[in-house]
Amino acid sequence: MEPRAAQLRKRAGSRRGQEDPPSREGNTEVLGGLDLVQWTQHMEVVKMQLLEQAQRQLLELLDQAISEAVQSYPSQGRPLPSVPPDSLSTELMQVQHFRTIYHMFIAGLCVFIISTLAIDFIDEGRLLLEFDLLIFSFGQLPLALMAWVPMFLSTLLGPYQSLRLWARPQAAGAWTLGAGLGCVLLAAHTAVLGLLPVHVAAKYQLPPASSCILVFEQVRLLMKSYSFLRETMPGIFRAKGGEGVRAPSFSSYLYFLFCPTLIYRETYPRTPNIRWNYVAKNFAQALGCILYACFILGRLCVPVFANMSREPFSTRALVLSVMHATLPGIFMLLLIFFAFLHCWLNAFAEMLRFGDRMFYRDWWNSTSFSNYYRTWNVVVHDWLYSYVYQDGLWLLGGQARGAAMLGVFLVSAVVHEYIFCFVLGFFYPVMLILFLVIGGPMNFMMHDRHTGPAWNVLMWTMLFLGQGIQVSLYCQEWYARRHCPLSQSSGHPHCPDDTTKFFSACQTWDQGSSLCTPRPSSEARAPSMHDPARELQD
């Protein structure tokens with residue numbers, strides 16, 4: 001028998017011979033590299049299939065659990081819900097305590113109406129409720145609606161026809177011609193949306209409410225057309241590369257232009273029926289909010305700031321005006337939220353059977369400004385997050401999150417300032433400064449890690465002060481530009497011929513700002529509590 005050491009050496013040698021055959025040593029390295037690449041690709045495909053299958057099974061299990069829970073619900077004697085859940089405020093209206101707060105706001109509107117009637121009866125001896133401020137604000141509304149028609153038609157035809165020209169399978173030369181024609185259509189659509197509203201508002205001097213309708217539609221249609229192209233263009237380019245992608249239908253695009261969302265999808269969750277009484281209720285509440293806003297401006301803002309512009313400027317007067325404007329400012333914020341984000345969007349969602357009603361979340365419970373920005377307007381936040389923040393991260397390589405967030409603040413601030421400039425008819429960058437100088441740092445300082453009632457109180461305090469600053473400064477500038485208008489040629493205030501009394505008032509003129517005081521001409525009218533529309537125009 002051989003020694004044990006010799007046997008072990010023979011076994012080790014035979015194993016090395018089996019593992020490394022000399023005839024295949026060169027080919028094994030090449031084939032091993034190719035097999036590794038193919039195996040990695042195969043495993044990636046298997047991973048995606050497993051994830052899709054797991055997600056599908058998880059959704060089926062969740063749907064089954066929800067179905068079983070719903071089936072067990074009628075055992076308590078309650079009917080099955082026929083529509084998806086409503087917006088948060090609609091659900092909160094079922095709570096008696098929250099409904100009482102809503103009734104308090106209605107009582108406040110009734111008090112405004114009674115006080116208006118009483119003052120008119122005492123001053124004028126008549127019991128007639130006039131809506132001069134409302135009529136003035138919505139003046140030239142038919143002209144604004146006529147300007148909306150070409151804006152909508154350009155949005156309806158321009159992006160969709162451009163996409164069809166880009167998606168048409170033709171020869172290289174024909175496709176290039178069609179792509180160029182699509183770019184021309186898209187440029188024409190952008191020019192119509194960008195220039196027509198500005199031209200109409202500047203030429204015909206549209207009042208604030210009519211201008212507001214026009215600029216809101218301009219921004220909304222631009223955001224919708226961008227979302228449509230942004231969501232469909234990658235599929236078209238993949239189809240050109242060999243992957244078959246079906247072009248979106250015209251009906252889905254038409255539905256998207258009216259439904260209350262800014263993110264394009266071919267299909268959306270739909271409700272089974274339309275509650276027309278719910279639609280009428282929301283439109284009535286939106287109209288009530290508009291009347292409420294007019295009474296607040298006419299009773300709490302117009303008399304104070306019209307008289308303030310007739311007095312010399314002082315820091316004390318400025319601070320007191322900001323404090324005075326906090327209450328009407330926060331009322332205006334709540335009315336805008338309820339009228340537009342709740343009533344208006346819910347009415348259109350119900351008419352179009354649009355199932356996703358999460359237009360906002362519980363922003364009033366926010367303890368940080370970052371959460372407030374995310375929950376105040378979910379519709380706009382989703383658009384900014386998808387097309388500014390995420391695309392910014394993609395362009396920056398996914399590293400500069402702070403820069404992407406700053407880009408969101410910059411875009412939002414510029415658009416908000418543009419809307420204010422369009423509606424009021426002058427550039428006064430209060431909103432821009434509040435967004436970038438105060439709102440941006442607050443977003444990083446008051447973050448989500450701060451919880452507790454004290455932080456919620458701090459957030460509401462900042463909202464009160466911010467709204468007071470906006471209302472005060474914009475109202476002062478509005479009256480300053482009407483009482484002391486700038487001369488187009490010299491840039492100095494245009495004073496009337498009888499400058500004897502007006503000379504001392506113009507001493508503090510500062511480039512048409514709120515430092516300017518009114519001119520006492522023979523046509524000037526003293527402010528009255530019952531004629532706010534004339535005071536806005538004078």
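Below, all heavy atoms of this structure are taken into account, side chains as well, without hydrogens, waters or symmetry copies.
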Going by distance alone, is a donor N or O of one side chain under 3.5 Å from an acceptor N or O of the other, for Gln476 and Tyr428?
no

Answer with yes or no whether the side chains of Tyr360 and His342 bring together a donor and an acceptor at under 3.5 Å.
yes

Would you call the rings of [X] and [Y] parallel, tilted or perpendicular, taking 30° and 60° as the class edges?
X      : Y      : value
Phe98  : Trp364 : tilted
Trp148 : Phe152 : parallel
Tyr268 : Phe256 : parallel
Phe420 : Tyr474 : parallel
Tyr226 : Tyr387 : perpendicular
Trp363 : Trp460 : tilted
Phe359 : Phe354 : parallel
Tyr372 : Phe369 : perpendicular

With side chain to side chain contact (heavy atoms under 4.5 Å, CB included) as the criterion, how do Asn371 and Arg374 come out once you've worked through the C-alpha distance, each side chain's angles and the decisive distance to 0.1 Å?
CA-CA 5 Å; Asn371 184 71; Arg374 291 194 302 267; 3.5 Å; yes

Flag side-chain contact, heavy atom, 4.5 Å: Phe228 against Leu257:
no

Within-4.5 Å side-chain heavy-atom neighbours: Ser472 and Phe305:
yes

Is the count of non-hydrogen atoms from other residues, nucleotides or ligands lying under 6.0 Å from [X] atom [atom1] greater than 12?
X      : atom1 : result
Met462 : CE    : no
Arg353 : CZ    : yes
Tyr418 : OH    : yes
Trp344 : CH2   : no
Phe283 : CZ    : yes
Met323 : CE    : yes
His103 : NE2   : yes

Worked check of side chain to side chain donor-acceptor pair (under 3.5 Å) between Tyr264 and Arg230
CA-CA 9 Å; Tyr264 174 76; Arg230 176 64 180 80; over 6 Å; no

Working for ring-ring contact (aromatic ring centres under 6.0 Å, His included), residues His416 and Phe435
CA-CA 9 Å; His416 278 80; Phe435 250 91; 4.7 Å; yes

For Phe348 together with Phe258, are the ring centres under 6.0 Å from each other?
no

Considering all heavy atoms, the nearest Leu335-Ala293 contact:
CD1-N, 3.8 Å

Taking every heavy atom of Leu229 against every heavy atom of Pro234, the minimum-distance pair comes out as O-CD, 4.3 Å

Is the backbone of Trp455 close enough, under 3.5 Å, to the side chain of Thr367 for a donor and an acceptor to pair up by distance?
no

